[in-house]
Amino acid sequence: MFGLDKKDAGLLLIVAILALAAPFILNPFPEGSAMAQFNAGYPDLMQRLVIFGIFAIGFNILFGLTGYLSFGHAAFLGVGSYAAIWMMKLLTMNVIPAIIVSVMIAGLFSLLVGWISLRRSGIYFSILTLAFAQMSYALAYSVLTPITGGETGLQPKYTDPRILDGALPDGQMPRANLFGLDMKDGFELVMGNWVFTFNAGYYIAAVVMLLSFYISIRIFRSPFGMMLRAVKSNQQRMNYTGLNTKPYTLAAFVISGMYAGLAGGLLVAMDTQVGAERMFWTASGEVVLMTILGGAGTLIGPVLGAGFIKYMENIVSKINKTVLEQWFAFMPDGIEDVMVALVYPFVGKGWHLTLGLLFMLVVIFLPGGLVEGGQRIGNLFRSKKAKDTSPDGSKTPAE
Amino acid sequence: MAILEVKNVGKRFGGLQALGNVNLSVAENSVHAIIGPNGAGKSTLLNVLVGKLIPDTGSVMFDGQSVLGRKPYEINQMGISRVFQTPEIFGDLTVMENMMIPCFAKRDGAFRMHAIESVAQEKDIVGKAENMLEEMKLIDKRGMNAASMSRGDKRRLEIAMCLAQDPRLLLLDEPTAGMARADTNNTIDLLKQIKEERDITIAIIEHDMHVVFSLAERITVLAQGTPLVEDTPENIKGHPKVREAYLGESQDAA
């Protein structure tokens, strides 16, 4: 199917089903129940899950395949966002030109940054990319204020030229759309106590994510992808096999920069505003965490990692003291207070602490990330079955 | 006819004259060994040949073209392949993938952006790599991670990877260093077989006299950065200058 072998096609199919059924899957708890706050099936979060999935898929093409750890990928995301918002200001509120231009501009910018940064490898490469990203952030925040809006950022205004769109009716705010389909359009499906939200913007982002995921599978399975893994494995042998590593790494860098730009453009398409903080170094660090947490160098890992971190950021951070008191209300008063005091530092604003602990656990016990965890569980079941059927219990090596 | 012509090559590292006025000529389709005691400049000379070092003086011509100032991958594409002292292979990749990479490099050159085709669809590359593994008796290890092979198999794979590019000159840097006697003999047999079956020139840097005298047709002895003698193995064996270089000043050591 689509030039993929059975296993990859199966993986793509599973991701497609999960993405398309996300409004159901992420809303397992009935409205108004105590668990309802764990529901993630609202448009804003679902959009973030897939968009940061795209960001991480792209990052993984560079880091997972070549081993070059970029600490400045948020710069490309930010540049993509600014490019998209300018398209919306100058051209049209239709998201198509915004997204295409954000990919192109991010690609050009990553070509420049990659050209310079890839003169070095290892930690020096990481520092160079970090320096570029922080310079971009500083420029966007202050010097380039006329282009970036500085501290306040940018959003489409009623008075923008928008040469392709007709004049807006009086008092109506410009809204991002796809040939008239508003990104915020959608409908709610009520089934008993459950409410499922279907949102146009989410489905557009999900389709783009599936397309990005498909392209990433093709790259992984291509001779080019094999060369990138060879770069990670042994650059010396590459050079002495007549292969020039520079264009290979640069191409990987630009592709992952374009993915970041695509994510940036989509963020603007879903929520039409940009601020410089999108390029801050913590944003670059976040995509590194996502990729490693999910499993660097694996196909599905980055998507899982992105989903995991964005879910925690939005859900765990919402749990406050009142919620905790509700949870532990069944306990005797003294113990309840102790429990609340113990758990409180790990939720709400302390969600970073939980994330940090989980990240440490994953890196120490599952160096292959969540994907390795999944494989170990899978192998556990498989070896049990194998013991039943064949006494030698030969295991097939995990991909 | 000489395929490799080294003329007046000198290289200085700070106060150390690593190579001083080296002249060397390797005849096409011969096996030429370069021997010498530690610090004689063998590795420096090799690094000059493959483009890792640029000499201070002199010229290096391969098949009528200068190799000086070219990058290692460009020199490789001219037809010089190098086997390292410790096998340099792609440890994280499978044996089959290791074998396919030089096949791609031979067909597509130093860089090609074929990111959409799948590796499995490249029938000619897969076929060529399989043949090569078959010939090297590595075919049953094709799915294995290259890093988990034995030392001898890694060496075999590295040589196979070099041969897959049909090089005109194969450079070997102490190919049997650290090997057990049995593995050493296997490597000697393998190199002999390669020489018989192909039009290829082999230049070998070696410590082990057993290997040198089993393979070489010509031998150059390097000492303190300059060639001492160049002759056939028979003449080198009893040469007084060689004994002196290896055993020290004292003539009556025996």
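Values below: all heavy atoms of this structure, side chains included; hydrogens, waters and symmetry mates excluded. Naming: A, B, ... by sequence-line order, numbering from 1 per chain.
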Legend entry - Flag side-chain contact, heavy atom, 4.5 Å: B/I101 against A/L243: yes
Inset, instruction - Enumerate by number any residue of residues 58-88 of chain B whose heavy atoms lie under 4.5 Å from heavy atoms of chain A; in the absence of such residues, state 'none'. - result: B/P72, B/Y73, B/N76, B/Q77, B/R82, B/V83, B/F84, B/E88
Legend entry - Candidate pair B/F104 and A/M226, rule side chain to side chain contact (heavy atoms under 4.5 Å, CB included), full reasoning: CA-CA 10 Å; B/F104 277 117; A/M226 192 167 79; 3.6 Å; yes
Inset, instruction - Report, by ascending residue number, the residues of residues 119-158 of chain B in heavy-atom contact with chain A at a distance under 4.5 Å; give 'none' if the set is empty. - result: B/V119, B/E122, B/E158
Legend entry - Residue part contacting chain A, namely of B/E97, when any heavy atom lies under 4.5 Å: both
Inset, instruction - Would you check if the side chain of A/R221 reaches a backbone N or O of B/S118 as a donor-acceptor pair within less than 3.5 Å? - result: no
Inset, instruction - Check each atom of A/M227 against the heavy atoms of chain B and say whether the ones under 4.5 Å are side chain, backbone, both or neither. - result: side chain
Inset, instruction - Side-chain contact test, heavy atoms from C-beta onward, threshold under 4.5 Å: evaluate it for A/Y240 versus B/M161 and give yes or no. - result: no
Inset, instruction - Locate the shortest heavy-atom distance separating A/A251 from B/M113; write the atom from each residue and the value. - result: CB-SD, 3.8 Å
Inset, instruction - Return the minimal non-hydrogen interatomic distance between B/E117 and A/P223, and the atom names on each side. - result: O-CD, 3.2 Å
Inset, instruction - Mark yes when over 12 heavy atoms from residues, nucleotides or ligands other than B/F13 sit less than 6.0 Å from its CZ; otherwise mark no. - result: yes
Inset, instruction - Count the heavy-atom pairs under 4.5 Å between each of A/M238, A/R237, A/R218 and chain B, then report the option with the highest count. - result: A/R237
Legend entry - A/R229 side chain near B/L93 side chain, heavy-atom distance below 4.5 Å: yes
Legend entry - Minimum heavy-atom distance B/Q165-A/T241, with the two atoms named: NE2-O, 2.9 Å
Legend entry - Part of B/K106 lying under 4.5 Å from any heavy atom of chain A: neither
Inset, instruction - Kindly give the heavy-atom pair with the smallest separation between B/G91 and A/S233, and that separation in Å. - result: N-OG, 3.1 Å
Legend entry - Under 4.5 Å from a heavy atom of chain B, the part of A/L228 involved: neither
Inset, instruction - Counting only heavy atoms closer than 4.5 Å, note whether A/A230 contacts chain B via side chain, backbone, both or neither. - result: both
